[in-house]
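A quick write-up on the structure given underneath.
Nothing here was measured: the structure is a model prediction, and the numbers come from that model. All ligand and atom numbering here is 1-based and tracks the order in the structure.
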Amino acid sequence: MFKFYLSGHDFEYEVQNALRVFDLNADIEISYGSFEGRGLSLVSCLEEGEIIRARAQLYKDRELLSEACFKADDIILEKYGDKKLKKTLVIKTIHHVLKSYYKVEPDYGILTGVRVVKILIIAKRENKSGEEINRILRDTYEVKEEKIKLLWDILSIEEKYIDEKINKSNYNLYIDIPFCPSKCIYCSFTSYVNCPQKKINSYLDTLSFEIEKTIELAKKKKLNLNTIYVGGGTPSVLNEDQINKLFEPIIKHYDLSQVREITFEAGRPDTLNKEKLLCLKRNKVDRISINPQTMNDDTLRAIGRKHLSSEIVDAYYMAREAGFTTINMDIILGLPGEDESDVRRTMEIIGGLNPENITVHTLAYKKLSELTRESSEFYKDYDLIKKMHAAIDELCQGKGYKPYYMYRQKNIKGNSENIGYTKDGRECIYNMVMTEELETILGCGLGASSKIITGENKHETIRNFKSLEEYEMRIDEIINKKQSLLGG
Ligand code: SF4
């Protein structure tokens, strides 16, 4: 248990995140009272005199273990603002004392946010030079050189899609199908397992209504449809009639062959057959995702999948035969019981299949999932995930894949990241514009989020209901919210 004593600030959320970088399980108590000094105590002060400075001291039973102090002049930010400066100072001092306590140098330094490449995008918009941006990343945020290089590599691909004028007038349609054939133990998404057809059809009625109304609002606002992404859940649990029904309201308004990219997640091989794949092709789906997560059958069983790795290979070839020229495959690093050799083997098999995209996730511990954390010792996860990422990167780059988008999550094993790799020119546009919040996303379906761009680096969010009953009963409320933000 850590007891934090705060004075001069009340950045409780940030303080807790700073600790989570090192220890996902640590219990924390926050006090604004006087220092008692029992057990592990971290004293964090912010002083706002002529110079703004922050100080942190770590004690064990009143014995000072380490301390750190930074002042405003010591840091530069991509976007200056008093509150941001103060928070950064506080986090940086806490990070320093915890670093010496845990004896770990986290790759992303003090950063805990989801969108790291966005720091570069914002700094560039503010005309900061490459050297200044590197100084922000290295000296202020303490990001390691190899990660700074990764961020620039990703930005060099994303830059092709950053065009303020186009970005402002585009929107992307996200559609959620919240049904799955079985539950994965690490899953925290809203997904209904083995749902009766009657319920699925009733959901599709409401969903079609929402899609149609959403498109009408987007058209009134003169937004252009850029991409469509059907995710979930496992959208490929739908049968052909249901897939056709899903695309009907879109076809009413658009020629699907003119939409720049249509992705359909076909995550589980046990939901795929030739007819379904051909039906997706007829609806102009041009990118599908077949997600092994691992090619180790024991792990597949342990995580709750009801298929073998050989079925993934069969599904992949079936999709190629049906004419899919862009296939993504997801894998997860850090699955229970797996080590570096399991990940290498998985990657060698997938690399041999040669999909256009490979998305490498790192296991994240979610509150609502079945999976519990096996290790509270950060350095063990940290070393393992680092080795796994290095192996993946070597294998991917050796086969001509480049990293093209990345994001981080809370409670991610080894405080790591998720990286999308792509073959030249085959990147998923939706993933980039969504991750960097470049374009409006209009989400339809259970639990879907809409992010409506309202200005430079500003957006409004609408979150749909997360229970089937509420979603169906209160669909008018969702449409009204969209209407009030989009106008019309
Ligand atoms: S396939 Fe995806 S949505 Fe479905 S249970 Fe597994 S992780 Fe959750």
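If you number the atoms of ligand 1 from 1 as listed, the ones under 4.0 Å from a heavy atom of Gly233 come out as 3 (S). Under a 4.0 Å criterion applied to the non-hydrogen atoms of Cys187, ligand 1 contributes the atoms 3 (S), 5 (S), 7 (S), 8 (Fe). Close approach of ligand 1 to Cys180 is summarised as follows: ligand atoms under 4.0 Å from at least one heavy atom of the residue are 1 (S), 3 (S), 4 (Fe), 5 (S). Atoms of ligand 1 lying under 4.0 Å from at least one heavy atom of Thr234, given by number and element, are 1 (S), 4 (Fe). Short contacts between ligand 1 and Ser182, defined as distances under 4.0 Å to a heavy atom of the residue, involve ligand atoms 5 (S). Atoms of ligand 1 lying under 4.0 Å from any heavy atom of Tyr186, numbered from 1 in the order shown and given with element: 7 (S).
Between Tyr192 and Phe179, the angle of the ring planes lies from 30° to 60°, which puts this pair in the tilted group.
Figure legend: cation-pi geometry between Lys451 and Tyr174 absent, as NZ or CZ is not positioned both under 6.0 Å from the six-membered ring centre and within 45° of its axis. Stacking of Lys402 on the aromatic ring of Tyr421 is not recorded, the 6.0 Å distance cut-off and the 45° axial limit not both being met.
Note: Tyr229 and Tyr430 meet the aromatic proximity criterion, with ring centroids under 6.0 Å apart. Here the two rings, on Tyr203 and Tyr471, have centers that are under 6.0 Å apart.
Within the coordination shell of atom 8 (Fe) of ligand 1, defined by N, O or S atoms under 2.8 Å, Cys184 is absent.
The number of heavy atoms from other shown groups lying within 6.0 Å of NZ (Lys274) does not exceed 12.
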